[in-house]
Enquirer: 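I have a structure here, written as structure tokens, and I will follow up with some questions on it.
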Amino acid sequence: MRKKLESLVQQAVATLKKEGVIADDIHVNIALERCRDPQFGDFASNLAMVLAKPAKLNPRQLAEKLVSALPEDSAIVKVDIAGPGFINFFMDQRSQFDIVRQIHAQGSDFGRSQVGAGKKIQVEFVSANPTGPLHVGHGRGAAYGSVVADLLTAVGFSVHREYYVNDAGRQMDILATSIWLRYLEECGEPVRFPDNGYRGDYVSDIARDVYRNAKDDYRRPFDLVLEGIPEDESQGGDKEAHIDGLINKAKTLLGTTDYRKVFQVGLNNILEDIKQDLQGFGVDYQEWFSEQHLMDDGSVELALKRLQVAGHLYEKDGATWFASSPFGDEKDRVVRRENGQYTYFASDIAYHMNKLDRGFDQIIDIWGADHHGYIPRVKAAIQALGADADKLKVLLVQFATLYRGEEKVQMSTRSGEFVTLRQLRDEVGKDAARFFYVMRRSEQHMDFDLHLATSKTNENPVFYVQYAHARVCSVLRQLVEKGFTRDLVSGMDALDKLTEEHELSLLSTLERYPEMLERAALTHEPHQLILYLRELANAFHTYYNAHQFLVEDASLRNARINLVCAVKQVLANGLTLLNINTPESM
RNA sequence: GCGCUUGUAGCUCAGCUGGAUAGAGCAUCGGCCUUCUAAGCCGAGGGUCGCAGGUUCGAGUCCUGCCAAGCGUGCCA
């Protein structure tokens with residue numbers, strides 16, 4: 001409906017251009033919006049006001065010319081010029097009923113489109129370090145990222161979901177060392193656990209696993225471990241120097257092979273846990289991309305080589321720097337440290353080079369908002385590699401602050417004090433958790449009250465939408481119980497009996513679904529979908545309370561059943577996109 | 001200090017490329033169940049859109065300054 005009207009208006013503009021009223025070279029952006037107030041019709045355009053100045057006409061005069069240039073169409077009943085120059089369109093109400101037929105015909109495909117035209121988009125999200133279980137902070141990125149990916153798929157993009165596994169950094173060494181120390185405890189060594197080690201119970205669990213399999217094979221006297229290690233922070237020293245000393249000691253005392261074994265057990269264990277966790281949360285990936293792999297196959301070296309050849313690298317203070325500031329970064333960045341090790345940024349350059357080489361039309365990275373300062377340097381790298389910085393779109397997800405009622409929950413991965421995503425799922429359920437996370441704009445800081453989310457009795461908006469779906473199902477059950485039979489065809493023939501205000505409002509809400517979906521996808525704003533579903537549910541609940549569907553008049557009854565079935569279909573389509581269940585009863 | 005983000009009802013948030021009277025949920029108050037599920041519906045109150053300028057037919061939306069909050073500003077990841 002909207003598209004059709006847009007093309008009619010476009011034709012009117014073309015006519016005026018031909019007549020010389022509007023200059024040919026003016027770019028015309030057809031702006032049609034749905035009217036909030038029905039007195040202004042169904043759609044309104046501000047076109048005349050926008051074009052008034054370049055056309056050197058006053059808006060109302062121009063509006064009149066536009067209206068008279070508008071091709072005849074049976075769908076348009078009336079066109080008004082109002083206020084300072086709005087053009088208001090009143091559509092034929094009979095055409096509104098088509099939406100019910102359309103929804104019935106397209107079923108679960110209703111709302112999907114091909115605006116993406118099969119373009120390849122990569123969406124990388126979560127990518128949490130595999131140093132511990134996912135916590136509720138990651139949950140938001142997981143929910144948001146997966147819905148963004150699914151929305152893009154729904155409007156015709158070819159989407160590749162990817163998790164970047166940071167399995168090569170210092171944090172992983174800290175994890176491996178933490179596991180080894182817990183293992184030594186298990187062996188009976190008098191271990192003093194470092195301030196900076198990973199303290200979560202899962203570390204001890206993994207250590208016990210290691211002990212079960214290896215017995216005393218990796219046991220070394222703790223005195224020997226501590227030998228020559230600088231003091232820890234709580235002993236008046238430096239915690240970083242202390243943990244680095246322990247890592248080096250673990251490597252030398254265990255030897256490369258055994259150290260690697262402990263390391264690998266930790267990585268495999270945690271990564272497997274993360275995979276299962278995400279799967280249970282309704283988040284699936286096409287690819288788990290290993291940072292270590294980039295190191296091993298020489299991609300990091302290759303990436304730096306490419307930068308070097310292009311003249312973007314230089315040596316200073318014993319380190320290798322990438323000249324990112326000419327590309328708009330605040331300062332240049334180190335890619336290889338004085339000690340010869342690559343920085344995290346170096347492998348990230350390699351990773352993005354790899355993404356570019358894979359030929360995606362667009363690359364979307366979803367990061368925690370605390371990494372926003374990182375964007376300019378990655379974009380700089382992309383440009384330095386000879387690509388367009390706009391290929392990369394970084395979407396930021398603000399962390400959720402967790403509350404238990406009034407009390408703020410403090411979290412730190414290292415200290416082991418955090419609420420895991422799994423705990424949240426157990427308490428709230430997948431549906432409510434996903435709905436909550438995606439309900440707000442991603443870059444908006446959000447308060448996540450566990451008490452509120454766990455309360456199943458009220459306030460939880462997900463139930464409101466699911467309830468609408470369940471209610472339609474209930475109506476269909478009642479239909480049978482009352483001895484009626486649904487007659488689809490006669491219902492479709494009788495759609496023009498749907499003249500109640502609530503019915504018309506429901507029809508226009510249904511009609512908005514495809515354009516809403518397209519916008520939500522292209523702007524990467526899943527909350528638009530949530531908002532829409534709440535509106536649709538509200539329109540339905542209101543209708544339900546105002547009118548009986550299972551009336552004696554068979555044709556009216558069938559028409560109403562067809563309408564509420566269309567509502568059920570659209571609710572199901574939206575909820576399914578969000579990976580939220582559509583209960584038949586509640 | 002500099003950079004990014006945010007500031008809308010008591011609370012949590014929407015507000016589409018600038019459009020007509022700024023919306024919703026929760027909370028508060030008042031109504032609606034012998035009827036297809038009351039996890040619902042209807043109504044009421046509640047606003048200096050952080051502050052001050054500017055741009056224009058028109059600004060919550062764009063620009064500038066200021067105020068406040070968060071984050072960033074490593075040879076950490």
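Fair warning: this is a prediction, and the values are worked out from it, not measured in the lab. Below, chains carry the letters A, B, ... as their sequence lines are ordered, and counting in each starts from 1.
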Enquirer: Which is true for A:Asp329 with a 4.0 Å heavy-atom rule: it touches a base, it touches only sugar-phosphate, or it touches nothing?
Expert: nothing
Enquirer: Report, one pair per line, the protein and nucleotides 57-59 of chain B atoms (nitrogen or oxygen only) whose separation is under 3.5 Å.
Expert:
none

Enquirer: What integer number of Å spans the P atoms of B:G40 and B:U17?
Expert: 32 Å
Enquirer: Give RNA chain B the dot-bracket treatment, 5' to 3': Watson-Crick (N1-N3 with N6-O4 or O6-N4) or G-U (N1-O2, O6-N3) under 3.5 Å, [ ] crossing, | other strand.
Expert: (((((((..((((.....[...)))).(((((.......))))).....(((((..]....))))))))))))....
Enquirer: Could you tell me whether A:Tyr544 contacts a base, only the sugar-phosphate backbone, or nothing, with contacts defined as non-hydrogen atoms closer than 4.0 Å?
Expert: base
Enquirer: Which value, in whole Å, describes the distance between the P atoms of nucleotides B:G25 and B:A14?
Expert: 16 Å
Enquirer: Collect all protein-nucleotide pairs involving nucleotides 42-44 of chain B in which both atoms are nitrogen or oxygen and the distance is under 3.5 Å.
Expert:
{"residue": "B:C42", "atom": "OP1", "partner": "A:Thr542", "partner atom": "OG1", "Å": "3.3"}

Enquirer: Quick one: which protein N/O atoms are closer than 3.5 Å to N/O atoms of nucleotides 71-75 of chain B? Pair and distance per line, please.
Expert:
{"residue": "B:C71", "atom": "O2", "partner": "A:His372", "partner atom": "NE2", "Å": "3.3"}
{"residue": "B:C75", "atom": "O2", "partner": "A:Glu338", "partner atom": "N", "Å": "2.7"}
{"residue": "B:C75", "atom": "N4", "partner": "A:Asp317", "partner atom": "O", "Å": "2.9"}

Enquirer: From the options B:G15, B:A20, B:G25, select the nucleotide whose nearest atom is closest to the side chain of A:Arg441.
Expert: B:G15
Enquirer: Give me the distance, rounded to whole Å, that separates B:C36 from B:A20 when you measure between the C1' atoms they each carry.
Expert: 39 Å
Enquirer: Got a sec, which residues hit ring-ring contact (aromatic ring centres under 6.0 Å, His included) with A:Tyr164, two or more places apart in sequence or on another chain?
Expert: A:Tyr351
Enquirer: Nearest whole Å is fine: how far is B:C13 C1' from A:Tyr464 OH?
Expert: 16 Å
Enquirer: Evaluate the side-chain proximity of A:Arg560 to A:Glu500: yes if any heavy-atom separation is below 4.5 Å, no if none is.
Expert: yes
Enquirer: Using a 4.0 Å heavy-atom cut-off across all strands, classify A:Thr320 as base, sugar-phosphate, or nothing.
Expert: nothing
Enquirer: If you find the nucleotide of RNA chain B closest to A:His547 and the one closest to A:Glu525, which residue's nucleotide is nearer the 5' end?
Expert: A:Glu525
Enquirer: Which is more 5' along RNA chain B, the nucleotide nearest A:Glu443 or the one nearest A:Arg440? Just name the residue.
Expert: A:Glu443
Enquirer: For a quick check of understanding: with a heavy-atom distance under 4.0 Å over all strands, which category does A:Ala468 fall into, base, sugar-phosphate or nothing?
Expert: nothing
Enquirer: For B:G15 versus B:G3, give the span between their C1' atoms, rounded off to a whole number of Å.
Expert: 28 Å
Enquirer: Quick one: does NZ or CZ of A:Arg534 land under 6.0 Å from the six-membered ring centre of A:Tyr464, within 45 degrees of the ring axis?
Expert: no
Enquirer: Using atom C1' of each nucleotide, how far apart are B:U34 and B:A39 to the nearest Å?
Expert: 22 Å
Enquirer: In this structure, are over 12 heavy atoms from other groups packed under 6.0 Å from A:Lys379 atom NZ?
Expert: yes
Enquirer: Which part of the nucleic acid, if any, lies within contact of A:Gln528, taking any heavy atom under 4.0 Å across all strands shown: a base, the sugar-phosphate backbone alone, or nothing?
Expert: sugar-phosphate
Enquirer: Return no unless some side-chain N or O of A:Gln444 is found under 4.0 Å from OP1 or OP2 of B:U12.
Expert: no
Enquirer: With sequence neighbours left out, write down each residue that passes ring-ring contact (aromatic ring centres under 6.0 Å, His included) with A:His312, or none if nothing qualifies.
Expert: A:Phe327
Enquirer: When all nucleic acid strands are considered with a 4.0 Å heavy-atom cut-off, which category describes A:Leu550: base, sugar-phosphate, or nothing?
Expert: base
Enquirer: Over how many whole Å does the gap from A:Leu536 atom CG to B:A14 atom C1' extend?
Expert: 17 Å
Enquirer: Do A:Phe86 and the base of B:G19 stack face to face, with centres under 5.5 Å apart and an angle between planes under 30°?
Expert: no
Enquirer: From the options B:A39, B:C36, B:A14, select the nucleotide whose nearest atom is closest to the side chain of A:His527.
Expert: B:A14
Enquirer: Between B:U5 atom P and A:Phe399 atom CZ, what is the distance in whole Å?
Expert: 18 Å
Enquirer: Can you find a heavy atom in the side chain of A:Ser178 that is under 4.5 Å from one in the side chain of A:Thr131?
Expert: no
Enquirer: Tell me which nucleotide among B:G40, B:U37, B:A20 gets nearest to the side chain of A:Ala44.
Expert: B:A20
Enquirer: Check for me whether A:Arg471 meets the cation-pi criterion with A:Tyr544, that is, NZ or CZ under 6.0 Å from the six-membered ring centre and within 45 degrees of the ring axis.
Expert: yes
Enquirer: Does a sphere of radius 6.0 Å around CD in A:Glu443 hold more than 12 heavy atoms from other residues, nucleotides or ligands, not counting ones at 6.0 Å or beyond?
Expert: yes
